[in-house]
*Asks:* 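Quick one: structure below, then a few questions.
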Amino acid sequence: MNASDLSRLRPRLPSPLEPLEDERFTRHGVRLLLKRDDLIHTDLPGNKWRKLAPNLRAAAGRPVLTFGGAFSNHLRATAAAGRLLGFPTVGIVRGDELAGRPLNPSLARCSADGMRLVFVDRTTYRAKRDPEVLARILREAGAEEDVHVVPEGGSNALAAQGCADLGRELAGAADVVAVAVGTGGTLAGLAAGLARTGARALGIPVLKGGFLGEEIRALQELAFGGPAGDWSLDERFHAGGYARTTPELDAFAQDFEDRHGLAVERHYVAKLLHGLVRLTAEGAFEPGSTVAAVITGQPASFSR
């Protein structure tokens, strides 16, 4: 698979950069921009496009096997890419207890797009990076030969290199670029792309655990040969962990939608925007500075 194969999907690149007037920022002298990566492609929005595109080129039409939970946006995007470009996909899903249940809308879309779903127990899933465990997963999935393996969330060295384009597109536009962080690949690449611009990258983790800094440093080592760019994490805004929310976060997201007419995805984007409002109120950004928020997705739609 080459660049022309992917260009058939007509991605909207560079993605739009839109100013947003919000008094919670303007009263502190902070200008807010939205980097609308959610508009790159209907089926492969945001960082899903940026991380998958280089992996699909490396796969060169071979079957792609990847990993995710029951509501994984990454699994859906990979399945959609397989349908659109005509290559087989296999999804290793966390939780063997799901195998005997009706598929939820997210997994049903994966299946409808041609992805073969393989459910594994949570202990095995946690150990999937172990070469022996991965070999067993591939064997049990019948995918031992001629398969391109993409890690959970799509975050590997290729993905980080793809996300560096995001930073380059924002060169000179902002002092701080903020993004929600799940597996770290987007922030690793974003920071590298911003490295020569003077801007810094800020990650808002959407899950708890405190391990993402190490993951991001490891990804940058693999992708760029060492640390790249100025980046940091603020781990206060995960709302309880991955795919979790709170009444406060839901109320914030609904208010943001009412103020601006922008649908707010709850598991990533709401946490990002909520964090930025809080940080602005705390004085984290200098008056006169510009903050760009990367909008990585829209609320899930399971229609085509």
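Quantities reported herein were computed from a predicted structural model and do not represent experimental measurements.
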*Asks:* For R278 and F252, run side-chain contact (heavy atoms from CB on, under 4.5 Å): C-alpha distance rounded to whole Å, both residues' side-chain angles, the deciding distance at 0.1 Å, then the answer.
*Replies:* CA-CA 11 Å; R278 285 268 304 275; F252 169 84; over 6 Å; no

*Asks:* Can you classify the ring geometry of F237 versus H274 as parallel (below 30°), tilted (30 to 60°) or perpendicular (above 60°)?
*Replies:* perpendicular

*Asks:* Going through the distances and angles, do R57 and D5 end up as a salt bridge (charged side-chain N to carboxylate O under 4.0 Å, His left out)?
*Replies:* CA-CA 9 Å; R57 293 189 189 101; D5 294 318; over 6 Å; no

*Asks:* When you look at N55 and N156, which way does the side chain to side chain donor-acceptor pair (under 3.5 Å) test go after all the steps?
*Replies:* CA-CA 9 Å; N55 274 286; N156 57 9; 2.9 Å; yes

*Asks:* Would you check if the side chain of E286 reaches a backbone N or O of G288 as a donor-acceptor pair within less than 3.5 Å?
*Replies:* no

*Asks:* Judged by atom type as modelled, is there a donor-acceptor pair below 3.5 Å linking the side chain of K51 to the main-chain atoms of G153?
*Replies:* yes

*Asks:* Could you tell me whether a side-chain N or O of S155 sits under 3.5 Å from a main-chain N or O of G185, the two making a donor and an acceptor?
*Replies:* yes

*Asks:* Suppose we screen for side chain to side chain contact (heavy atoms under 4.5 Å, CB included). Which residues come up paired with R10, at least two apart in sequence or across chains?
*Replies:* none

*Asks:* Using the side chain to side chain contact (heavy atoms under 4.5 Å, CB included) definition, which of the options V179, L166, T296 pairs with K35?
*Replies:* L166

*Asks:* Can you tell me which residue among N47, L202, V177, I216 is in a side chain to side chain contact (heavy atoms under 4.5 Å, CB included) with L187?
*Replies:* I216

*Asks:* Sequence neighbours left out, what passes side chain to side chain contact (heavy atoms under 4.5 Å, CB included) with R122? Give chain and number order.
*Replies:* R94, E97, R126

*Asks:* Could you tell me which residues satisfy side chain to side chain contact (heavy atoms under 4.5 Å, CB included) with D175, sequence neighbours excluded, listed by chain and number?
*Replies:* S289, T290

*Asks:* Going by distance alone, is a donor N or O of one side chain under 3.5 Å from an acceptor N or O of the other, for H267 and T245?
*Replies:* no

*Asks:* Using atom types as modelled and distance alone, determine if a side-chain donor or acceptor of H260 lies under 3.5 Å from a backbone N or O of L262.
*Replies:* no

*Asks:* Using distance alone, with no hydrogens and no angle criterion, decide if N73 and R76 have a side-chain donor and acceptor under 3.5 Å apart.
*Replies:* yes

*Asks:* Does this structure show an ion pair linking E282 with R236, if we count only N-O contacts that are shorter than 4.0 Å?
*Replies:* yes

